[in-house]
Amino acid sequence: MPPLVEPLEAHTFDTGPACALLDAATRHVTNGRLTFDADGALAARGQVIPDLLARLLDEPYYARPAPKSTGKELFHLDYLLARLGPTPPTPEDLLATLVALTARTVADAVRHTATEVVASGGGTRNPVLLAALRAELPGVTVRTSDELGVPSQAKEALAFAVLGWHTWHGLPGVLPGATGARRPSVLGSVTPGADGRYPPGRAAAVGQPRQLEISHSA
């Protein structure tokens with residue numbers, strides 16, 4: 001497969017819970033037997049609960065302007081349980097509603113500008129979630145990064161390799177326009193090994209990269 005070469009854009013933010021609430025709910029309703037809804041099997045048997053979906057979409061985070069960031073410090077099991085109401089839904093209906101929430105929050109973040117969505121991560125293995133996202137974005141191509149030669153399960157490994165390269169060369173790995181940080185910053189630190197190697201500090205000579213090439217061996 002030929003290398004993938006794409007320009008690196010400095011615009012990024014968290015659209016919402018992604019699969020965090022889906023996974024937390026799956027563990028909860030199966031008493032820990034399952035850690036995620038494999039193939040969306042449980043959600044596929046359920047129905048979206050409009051009132052619950054509306055309560056979940058009322059989260060103030062979604063209305064905040066980008067750049068912004070969130071994670072499991074907000075979207076966790078207790079957060080979800082507090083919004084279920086006096087009559088808990090069936091496991092299937094709960095997961096179907098959370099699929100709708102994830103798809104809606106992703107779509108709302110991109111629907112006015114996106115012509116194509118490239119998905120990666122564990123959620124790409126949930127066909128119910130991908131179908132919901134496609135339904136939310138008519139006319140927008142939704143495909144996985146696997147189709148472009150980037151294994152969806154390798155997303156974070158690749159991202160940290162890029163960040164590590166920046167740190168090694170003394171380049172900022174976070175930019176205000178991307179995350180809302182107060183200033184560009186070099187992330188982390190590098191501790192010299194036994195051979196005394198240390199980052200060369202050649203930021204001016206190297207410069208910010210403008211493309212990422214991913215090669216695949218035979």
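Just so you know, these numbers come straight off a predicted model, no measurement behind them.
Inter-residue side-chain proximity for Leu94 and Leu52 is flagged as met; some heavy-atom pair is nearer than 4.5 Å. Side-chain atoms of Leu80 and His28, non-hydrogen and from C-beta on, never get closer than 4.5 Å to each other. Thr102 is not listed as a side-chain neighbour of Leu21, based on a closest heavy-atom distance of 4.5 Å or more. Side-chain atoms of Phe36 and Arg125, non-hydrogen and from C-beta on, never get closer than 4.5 Å to each other. A heavy-atom distance below 4.5 Å is found between the side chains of Thr144 and Leu130. Two residues are said to be in side-chain contact when any heavy atoms from C-beta on lie closer than 4.5 Å; Asn126 and Cys19 fail this criterion.
Taking every heavy atom of both residues into account, Glu136 and Arg111 meet most closely at O-NH1, 2.9 Å. When all heavy atoms are compared, the tightest approach of Phe13 to Ala66 is CD2-CB, 3.5 Å. In terms of heavy atoms, Ser69 sits closest to Asp14 at OG-OD2, 3.0 Å.
When hydrophobic clusters are built by joining Ile, Leu, Val, Met, Phe, Trp and Tyr residues whose side-chain heavy atoms come closer than 4.5 Å, directly or via intermediates, Val99 is not grouped with Val140. Residues Val128 and Leu22 are members of one and the same hydrophobic cluster, defined by side-chain heavy-atom contacts under 4.5 angstrom among Ile, Leu, Val, Met, Phe, Trp and Tyr. The hydrophobic cluster containing Leu101 also contains Leu81, counting ILVMFWY residues as joined when their side-chain heavy atoms lie under 4.5 angstrom apart, directly or transitively. Residues Leu95 and Leu77 fall within the same hydrophobic cluster, defined by Ile, Leu, Val, Met, Phe, Trp and Tyr side chains chained together at heavy-atom separations under 4.5 Å. Note on Leu74 and Leu57: same hydrophobic cluster, where clusters join Ile, Leu, Val, Met, Phe, Trp and Tyr whose side-chain heavy atoms are under 4.5 Å apart, directly or indirectly.
Taking a 6.0 Å sphere around CD of Glu156, one finds it holds 12 or fewer heavy atoms contributed by other residues, nucleotides or ligands.
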(Q) Applying side-chain contact (heavy atoms from CB on, under 4.5 Å) to Leu53 and Arg104, what does each step give before you reach the verdict? (A) CA-CA 10 Å; Leu53 179 59; Arg104 177 74 60 81; 4.1 Å; yes
Q) So Leu187 and His166, side-chain contact (heavy atoms from CB on, under 4.5 Å) or not? Walk me through it. A) CA-CA 8 Å; Leu187 300 177; His166 278 70; over 6 Å; no
